Asker: 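Please read through the structure below; I'll follow up with questions.
Keep in mind that what you see is a predicted model, and the values were worked out from it rather than measured. Both counts, for ligands and for their atoms, begin at 1 and track the order of listing.
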Amino acid sequence: MSVKIELPASIIIRDLAQKIEKSPIDLIKKLMTNGVMATINQAVDFDTAAIVVAEYGFEAVPEAIQEEEQKETGEVPLWRQMIAGEDGAQLKLRPPVVTILGHVDHGKTSLLDAIRSTEVAAGEAGGITQHIGAYQVEKKGRLITFLDTPGHAAFTQMRARGAQGADIVVLVVAADDGVMPQTREAIAHAKAARVPMMVALNKIDRPNANPDRVKQQLAELELVPDDWGGSTMVVPVSAKQKTGIEDLLEGILLVADSSEIKANPNGKVIGTVIEAELDKSKGVLATLLVQNGTLEAGDIVVAGMAHGKLRAINDYRGKPVKKAGPSTPVAVMGLDDVPSAGDLFQVVASDKEARAIVAERQEAAKTQAQSRKKVSLEDLFANVQAGEAKELNLIVKADVQGSLDPIVTELNKLGEGPIGLKILHAETGNIGNNDVMLASASKAIIIGFNVQADVDARRMAEKEGVDLRLYEIIYRMTEDIEKALKGMLEPETTEKVLGRATVLQVFAASKFGRVAGCKVTEGELRRGAKVRLYRGTDIVYEGDLSSLRHEKDDVKEIRTGFECGVGFKSFNDIQPGDQVMCYILEKGE
Ligand code: GDP
């Protein structure tokens, strides 16, 4: 009798091998004899996997859908939290709100324009002239709301503020270009937010379009196309020729049907600010997306730190309306200040109540700024014990795929203990703003292996309180994480900058190898302290300041304005113009 084994709709060869405790090479050979060519990192669908495991005496059964998973991790789509207090009997289906994500130049803007011009303009003399950051289209008598600010920066910014504008993500992938870094990023963002995804396979009109290649790439990222037996809808479109748009809209309705997007039109009026600006003559103009209840002209609204009585409500076509129900985007006037995109808004009973809420928020913002809660590796164990976290979210960046794969494998092993590890995004390349944004929105830690963080990303990480850890040796990294998972990590050491200097010239000194002739521009340099050598934004050396001389004498420290000779421990590749940053490590905050 064969042993039953649960398998998902698609599985990576490596994982499959692990699951049945066989060598991946052996598995690949078995696949080849069955006419399937696959590498260790590629995914195969359930049917293929079932045939192969049968050869080892297993009987594959479809994996039970893990309904509990969402509850366990505590993260529920944000809009569901928004209606948590509503009476279930009052909930009604509302139009889905869709956002379009994807790699630059894959056609996000063109697709939004194509949908708008084919669907909206049809019934509108002259089409829509104003853009308010969102619009609606009708398909089969049902409405779909599109957010007109493509790109995952907007999406993540919203989530970082605790809002979630979109119910469905349409991932645009150019059929001639395939999955690219920002495609992967977008997938990670959507997955982290638990928003269902479908794919618009764009530029299908291009002669070098290769839909099958893109589908293969998607399957490898666990987005197995529906025509391959998976659950991800992939719709071929051409934004340029305006083909496939109808199918795309139908697809969106199908995805909406499978996720029961509801609200109470008579409930508490809440929603999200899509965009806002100050108009010289009209005052504050804001686009609000109503997510529950019905907004009416004359309502008193609090949005972030702004409040006011709504003087006028216009729909996305610029037509005045009296009311706007769930999923309706509206342009409003009457707020006293410009709220930020992603701020939540609510209707309150009186101006007095509005002022009180704003005052409370201002107060809270002050204290929050003073004690920003950081999700750091050091705090992880304490957070788990306090019941605030059950797993550690990670974003992993490495220099090359060859180091990324073993890191992910090692980390996944560590995550098998009582505290889970979830890798939201693993990619090669330096750490950029988008990584920090995703980390901030998902309370994740960024692990960099042999990569650097862009200057902007470092700054943003600092501001957002994102823990960014760089490693050069795999076991150091796994050791740190293992310790953190066991609550044994030493308290964080912080860098205290002592001073900075500029390298003016480089000369050879027999005793120390090469020495940098520097001028101290700030603070002091200290012998025995740590140094980092920057060339532009790149860090070219990190280590100890081994020798420090002023004229012919060895000195312990040297201050601003003075020139000195600096030697770096086992490092000679110094260049004029390099910047020296001298620091010490201090324990604790
Ligand atoms: P975005 O950066 O993702 O918003 O991409 P855009 O919408 O700006 O499109 C990038 C480029 O691809 C533009 O030159 C478009 O004209 C072109 N493009 C977009 N969609 C299509 C398509 O379906 N077919 C072809 N051939 N070109 C397209």
Asker: Geometry only, no angles: is A239 polar-contacting ligand 1 at N/O separations under 3.5 Å?
Answerer: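 Checking ligand 1 against A239, an N or O pair does fall under 3.5 Å apart.
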Asker: Tell me the contacting part of N202 for ligand 1: side chain, backbone, both, or neither, using a 4.0 Å heavy-atom threshold, strictly below.
Answerer: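 For N202, the contact with ligand 1 is made by the side chain alone.
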Asker: Salt-bridged, K240 to D205, with N to O below 4.0 Å?
Answerer: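 Result for this pair is no, no salt bridge flagged.
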Asker: Nearest to atom 16 (O) of ligand 1 by heavy atom, G102, S110, A209: which?
Answerer: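 Residue with the shortest heavy-atom distance to the ligand atom: S110.
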Asker: Would you confirm whether Q291, through its side chain, and I270, through its main-chain N or O, come within 3.5 Å as a donor-acceptor pair?
Answerer: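 No, because the side chain of Q291 does not come within donor-acceptor range (under 3.5 Å) of the backbone of I270.
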Asker: Taking L147's backbone N and O only, do any of them form a donor-acceptor pair with T99's side chain (distance below 3.5 Å, no angle check)?
Answerer: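 No, because the side chain of T99 does not come within donor-acceptor range (under 3.5 Å) of the backbone of L147.
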Asker: Taking C-beta and beyond as the side chain, do P329 and T145 meet within less than 4.5 Å on heavy atoms?
Answerer: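 Yes, close enough: below the 4.5 Å cut-off.
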Asker: With a 6.0 Å cut-off on ring centres, are Y135 and F146 close enough?
Answerer: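 When the ring centroids of Y135 and F146 are compared, they turn out to be within the sub-6.0 Å range.
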Asker: Quick one: does ligand 1 sit under 4.0 Å from the side chain of K203, the backbone, both or neither, non-hydrogen atoms only?
Answerer: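 Near ligand 1, K203 shows its backbone as well as its side chain.
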Asker: Considering both backbone and side-chain atoms of G107, is one of its nitrogen or oxygen atoms within less than 3.5 Å of a nitrogen or oxygen in ligand 1?
Answerer: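 N/O-N/O distance below 3.5 Å exists for this pair.
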Asker: Relative to ligand 1, is H103 under 4.0 angstrom through side chain, backbone, both or neither, heavy atoms considered?
Answerer: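 Within the 4.0 Å criterion, H103 contacts ligand 1 through backbone atoms alone.
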Asker: Can you name the one residue among V255, D167, V169 that meets side chain to side chain contact (heavy atoms under 4.5 Å, CB included) with P196?
Answerer: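 Going through the options one by one, the only one that passes is V255.
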Asker: Within ligand 1, which atoms have a heavy atom of K108 less than 4.0 Å away?
Answerer: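 Numbered from 1, ligand 1 contributes 1 (P), 2 (O), 3 (O), 4 (O), 5 (O), 7 (O).
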Asker: May I ask you to identify, for D205, whether its side chain, its backbone, both or neither come under 4.0 Å of ligand 1 on a heavy-atom basis?
Answerer: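 For D205, the contact with ligand 1 is made by the side chain alone.
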Asker: Report the C-alpha distance between S281 and D279 in whole Å, list the side-chain angles of each, state the deciding distance to 0.1 Å, and finish with yes or no for side-chain hydrogen bond (donor to acceptor under 3.5 Å, both in side chains).
Answerer: CA-CA 6 Å; S281 56; D279 182 280; 3.0 Å; yes
Asker: Should D105 be counted as touching ligand 1, given the test is an N or O pair under 3.5 Å?
Answerer: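 N/O-N/O distance below 3.5 Å exists for this pair.
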